[in-house]
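One structure is given below, encoded as structure tokens.
Residue numbers start from 1 in every chain, and the chains themselves are labelled A, B, ... in the order their sequence lines are given, proteins ahead of strands.
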Amino acid sequence: MMMKSIRHILILIMFALSGFGCASVPEPSPGKGALYGTLKAQSHKEFLDKQSGESDVGYDGFLGGIFYSEAMVNYPRLKNLYACLMNPAHQGGAVHALEINGSEFSIKSMALAKGDRLRVKNNSGLTHHLYLTDDNNEDGFQEYAPIPPQSEQDISINLEGDLELNSEEDESLRMHVHSGKGLDCQRLTSGDRYVFQDLAPGNYNVMFWFWRLGSIKHQVTIKAGQSRLLNETLSVDRVIH
Amino acid sequence: MAQIGKPVITIFLTLLLVLAPCLAWAHGQPVSGTVQVQGGKKLKKMILYLEPANSSFPISHNTHKVTQKGRRFNPGLQVITQGDTVEFINNEDKEIDHNVYSLAKTNIFDLGLGEKGSTLKVKFEKEGKVNYYCSVHKRMEGKLFILPSRYHTILKTPGDFKIDNVPPGRWVLKATHLHRRYKSKTLEFTVGNQPVSNLVLEIVKK
């Protein structure tokens, strides 16, 4: 009982030190609003319930509650989560850096706006013919000019939806892409804070996405002079149920 | 005896009438041919399957098993038929829990957590490809191809194929595979009283 109380106090101290509970509120420019929050990934609820029931530990694992072995998905440290605002004012055309290293892309998954470009640097010894396919539409297809070894090339993403970027020369080279019109996305690690600053007042759709966990969507109203807080947790049970 | 015999004969004849279509199905014909891939690409694990050209078709439903051992799904690729059930059996040597879920638009599911020795099951009502995962273990993923009929064959590399015992009727031959750069053309044909041979199915670049 004593140990349990000490553990809870430690958790509270950790929260306070991490600034999770008292992160500064963004101040939008006059006539504008903001959206901010924290995005986390989390293990399946049944897994957490079982772990907490057996060992009475904090579920986030950052106090050593759950030991995430190399074989496990380490949700508290999960990278490449995305917080995306579907912003009609956001035009595609942003450039995202990507490298081909051997049989892997430097980033395993990416959410971006339709019309954005990937600046692909080919560090491998092969010329790669990259192509993009749509998971849910066999006819959704886009191909690109070959990228010789040690060269760089921009490729544009003109499809929308859940996509996959592949190479004709190396089937193990693949990246999951989520593309949408007007998507303004921020790449995060689990527990990171996101901020969409200086938004015109109005209704917005917000999406939180990780390729293997799917997405959770919200509609929010942004008012002038206000900063709206929206925290979210991605987990299999939350996305599916 | 005669009083007993009459109903028995009536039941027998009724059963014969009911089962006659099924007996006809059982005496199908082989369908064979060749698969040609544009550019001669050696596509791996190509699944050739038949879809009834007419929508109604009786399908018996099977149950398939996928084991979870050494933090892997085995087999990692399974071909089943619409309406079939898959049992996920946790037969780990140690106390390791697994979860099975899929985000596939046609077959979304979350079977929860399965302890060592447990079996989780799910029925697949719609055809399509399904990628499924374990939410606990990062390298645990599997793939299911859910086909509209039980008549299929898997080719390790492109070449000759044969699908046995195909019932009479109008059929469409299709192919699906893991390489997303290519797509299959379709081929419609009729199965009658003779084997169907020399079909040529083309796989082309998108």
So, taking the atom named CG in D110(B) and the one named CZ in R238(A), what distance separates them when rounded to the nearest 0.5 Å?
13.5 Å

Please determine whether the number of non-hydrogen atoms from other residues, nucleotides or ligands lying under 6.0 Å from atom NZ of K185(B) exceeds 12.
no

Interface moiety of H129(A) toward chain B, non-hydrogen atoms closer than 4.5 Å
neither

Is it the case that atom CZ in R170(B) sees more than 12 heavy atoms from other parts of the structure closer than 6.0 Å?
yes

Report which part of E143(A) has an atom under 4.5 Å of a heavy atom belonging to chain B: side chain, backbone, both, or neither.
side chain

Region of D97(B) in contact with chain A, defined by heavy-atom distances below 4.5 Å:
side chain

Donor-acceptor contact present, side-chain K206(B) to main-chain E138(A), <3.5 Å
yes

Interchain contact, Y182(B) with chain A, by part (heavy-atom threshold 4.5 Å)
side chain

In terms of heavy-atom proximity below 4.5 Å to chain A, should R71(B) be classed as side chain, backbone, both, or neither?
side chain

Closest heavy-atom pair and its distance - V73(A), S135(B):
CG2-O, 3.7 Å

More than 12 heavy atoms of other groups within 6.0 Å of K126(B) NZ
no

Counting only heavy atoms from other residues, nucleotides and ligands, does the tally under 6.0 Å from CG of D139(A) exceed 12?
yes

Atom CD of residue position Q194(B) - does it have more than 12 heavy atoms of other residues, nucleotides or ligands inside 6.0 Å?
no

Which residue is it: N99(B), L113(B), V136(B)? I am looking for the one with a side-chain contact (heavy atoms from CB on, under 4.5 Å) to H44(A).
N99(B)

For K138(B), does the NZ atom have more than 12 heavy-atom neighbours from other residues, nucleotides or ligands under 6.0 Å away?
yes

Name the one of E169(A), E171(A), E168(A) that satisfies salt bridge (Lys or Arg N to Asp or Glu O under 4.0 Å) with R181(B)?
E168(A)

Crowded around N193(B) CG? As in, over 12 foreign heavy atoms under 6.0 Å?
no

Below 4.5 Å from any heavy atom of chain B, which atoms of T133(A) appear? Answer side chain, backbone, both or neither.
both

Parallel, tilted or perpendicular: which describes the rings of H179(B) and Y131(A), with under 30° parallel and over 60° perpendicular?
parallel

Check whether any side-chain heavy atom of R212(A) lies under 4.5 Å from a side-chain heavy atom of E141(B), and answer yes or no.
yes

Whether over 12 other heavy atoms sit under 6.0 Å from K121(A) NZ:
yes

Measure distances from S102(B) to the heavy atoms of chain A and classify the residue's part below 4.5 Å as side chain, backbone, both or neither.
backbone

Which answer fits K129(B), side chain, backbone, both or neither, if we ask what part of it has an atom under 4.5 Å from a heavy atom of chain A?
neither

Do the non-hydrogen side-chain atoms of R180(B) and D135(A) ever get within less than 4.5 Å of each other?
yes

Rounded distance [0.5 Å steps], CD1 in I240(A) versus CD1 in I108(B)
5.0 Å

